[in-house]
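First up is the structure itself, then whatever we jot down about it.
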Amino acid sequence: MESYLEGGGVKIFFENELVVADFHLPNKSCILYVSECDVVAGNSYKRRLVRYRNSSSSFHELVLVENTRLSEQYFSAVQKFVVFDLGLTLLPVSGQTEASQLITQMVHGDGRENPFRRRSSSRLLDPLVLALVQQVPGVGRVKALALLQHFSSIQQLCNAAPAKLEPVVGQSAAQQIHSFFHKHTAGS
DNA sequence: GGCGAAGGGAT
DNA sequence: ATCCCTTCGCC
């Protein structure tokens, strides 16, 4: 391990390259830590983020990103990737000290409401997402339901290639869906 | 929520 | 080509 910090009776270890997540918290959350080194070094952190995102754990996935003087010029790009492309929750921190304080608060706040927890993802959000997906031309109740079973997020759905959509909704609807999400980015 | 027309999917 | 299912506009 690289280092550890202690705050409020909670020991926090920073390690290199754990399997998927860097932290698992008691409140059903896990954390991936992106350091300023990762950000400055290039795009290789994206691989780890995608793997993290695709590791379908039952935990709510958070991403802590160091936003420092060294890495701030890259921050908006990281933010766009994490939030928009992957649909994850991003929390900027100034360094490991602030990260450990944040994690400590989240651990201590367990039992109380976790402000970073997504509001009941499956039960409350699904009807809204379902209604949203049905706004796509050629997609009604049945196809929307099928799509949501095969794609775990809107991000994955709207970035999906027609070939990925086709086995789920058929060729015609697959093309309509792809066109709908790409109609103003000079698509096919 | 239910009906009917039109279109697409599967066989 | 045919049947069945889905979408969608309408009441």
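We name chains A, B, ... by the order of the sequence lines, and we start the count at 1 in each one.
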In whole angstroms, how far is the C1' atom of C:dC8 from the NZ atom of A:Lys143? 12 Å

When you measure from the side chain of A:Arg51 to the backbone of A:Lys46, do you find a donor-acceptor pair of N or O atoms at a distance under 3.5 Å? no

In whole angstrom, what separates A:Glu166's CD from B:dG9's C1'? 11 Å

Take atom CD1 of A:Ile177 and atom P of B:dG9, then tell me their distance rounded to the nearest Å. 11 Å

Determine whether a donor-acceptor pair (N or O, by modelled atom type, separation under 3.5 Å) exists between the side chain of A:Ser29 and the backbone of A:Leu25. no

Keeping A:Asp22 on the side-chain end and A:Tyr33 on the backbone end, is there a donor-acceptor pair under 3.5 Å? yes

Taking atom NE2 of A:His108 and atom CD1 of A:Ile103, what is their separation to the nearest 0.5 Å? 13.0 Å

Can a donor-acceptor pair be found, under 3.5 Å and without considering hydrogens, that links the side chain of A:His178 to the backbone of A:Ala174? no

Using Watson-Crick and G-U wobble pairs with both distances under 3.5 Å, what is the 5'-to-3' dot-bracket string of DNA chain B, with [ ] for crossing pairs and | for pairs outside the strand? |||||||||||

Can you tell me the distance, in whole Å, between the CG atom of A:Leu145 and the P atom of C:dC5? 17 Å

Round to a whole Å and report the spacing from CD of A:Gln171 to C1' of B:dG9. 11 Å

What is the distance, rounded to the nearest whole Å, between atom CZ of A:Arg141 and atom P of B:dG1? 10 Å

For A:Gln175 and B:dG9, give me the distance from atom CD to atom P, rounded to whole Å. 12 Å

Go through the steps for A:Thr68 and A:Glu36 under the test side-chain hydrogen bond (donor to acceptor under 3.5 Å, both in side chains), then give the verdict. CA-CA 7 Å; A:Thr68 64; A:Glu36 65 176 5; 2.5 Å; yes

